[in-house]
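Here is the structure we will look at, set down as structure tokens.
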Amino acid sequence: DDLNRTKNDLDFAYANFQNVVEPDLIDAYIYEVNAIMKRYQFLMAQADLLSSNPQTTETSLIAEALH
């Protein structure tokens, strides 16, 4: 669910980025796209860990990702 929501957020941020001409808004959308991409990469890594070890809990996934 989080992965799908993040993908939708990323699509929305890209669409907004493509429709702005104001330099400050361009900068803002670049930061937004980068932040969402980081979240997407994190969620993909969590999904990979979960698929390789289905017994892993969400808490241990987060702890593993932070180390």
Side-chain angles (χ1 to χ4, degrees):
D1 188 40
D2 285 339
L3 202 51
N4 286 331
R5 191 171 349 154
T6 300
K7 175 70 171 97
N8 289 338
D9 290 347
L10 188 58
D11 291 341
F12 186 71
Y14 274 127
N16 285 334
F17 173 75
Q18 292 174 352
N19 292 316
V20 296
V21 293
E22 169 65 37
D24 288 337
L25 288 177
I26 291 170
D27 288 344
Y29 283 116
I30 289 171
Y31 287 117
E32 184 174 351
V33 165
N34 286 332
I36 295 169
M37 281 298 296
K38 288 290 187 185
R39 186 172 71 220
Y40 186 77
Q41 291 168 349
F42 171 80
L43 291 172
M44 288 298 292
Q46 296 303 297
D48 287 344
L49 287 173
L50 190 58
S51 67
S52 67
N53 187 2
Q55 302 300 326
T56 305
T57 66
E58 182 178 340
T59 303
S60 61
L61 284 175
I62 293 169
E64 221 173 290
L66 294 174
H67 294 292

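When a residue number appears, it is its place in the shown sequence, counting from 1. Nothing here was measured: the structure is a model prediction, and the numbers come from that model.
For the atom pair CD1 (I30) and CZ (F17), the distance works out to 4.5 Å, reported to the nearest 0.5 Å. For the atom pair E22 CD and D27 CG, the distance stands at 9.5 Å (nearest 0.5 Å). Taking CE of M44 as the reference point, atom CE of M37 lies at 10.0 Å (rounded to 0.5 Å). Q46 CD to D2 CG: the interatomic distance, rounded to the nearest 0.5 Å, is 10.5 Å. To the nearest 0.5 angstrom, F12 atom CZ is 6.5 Å from Y29 atom OH.
Linking ILVMFWY residues whenever their side-chain heavy atoms come closer than 4.5 Å, directly or via other members, places F42 and L3 in the same cluster. Under a hydrophobic clustering in which Ile, Leu, Val, Met, Phe, Trp and Tyr are joined whenever their side-chain heavy atoms come within less than 4.5 Å, directly or via other members, V20 and V33 fall into different clusters.
Of all heavy-atom pairs spanning T6 and L43, the tightest one is OG1-CD1, 3.3 Å. Considering all non-hydrogen atoms of both residues, D9 and I36 come closest at O-CD1, 3.7 Å.
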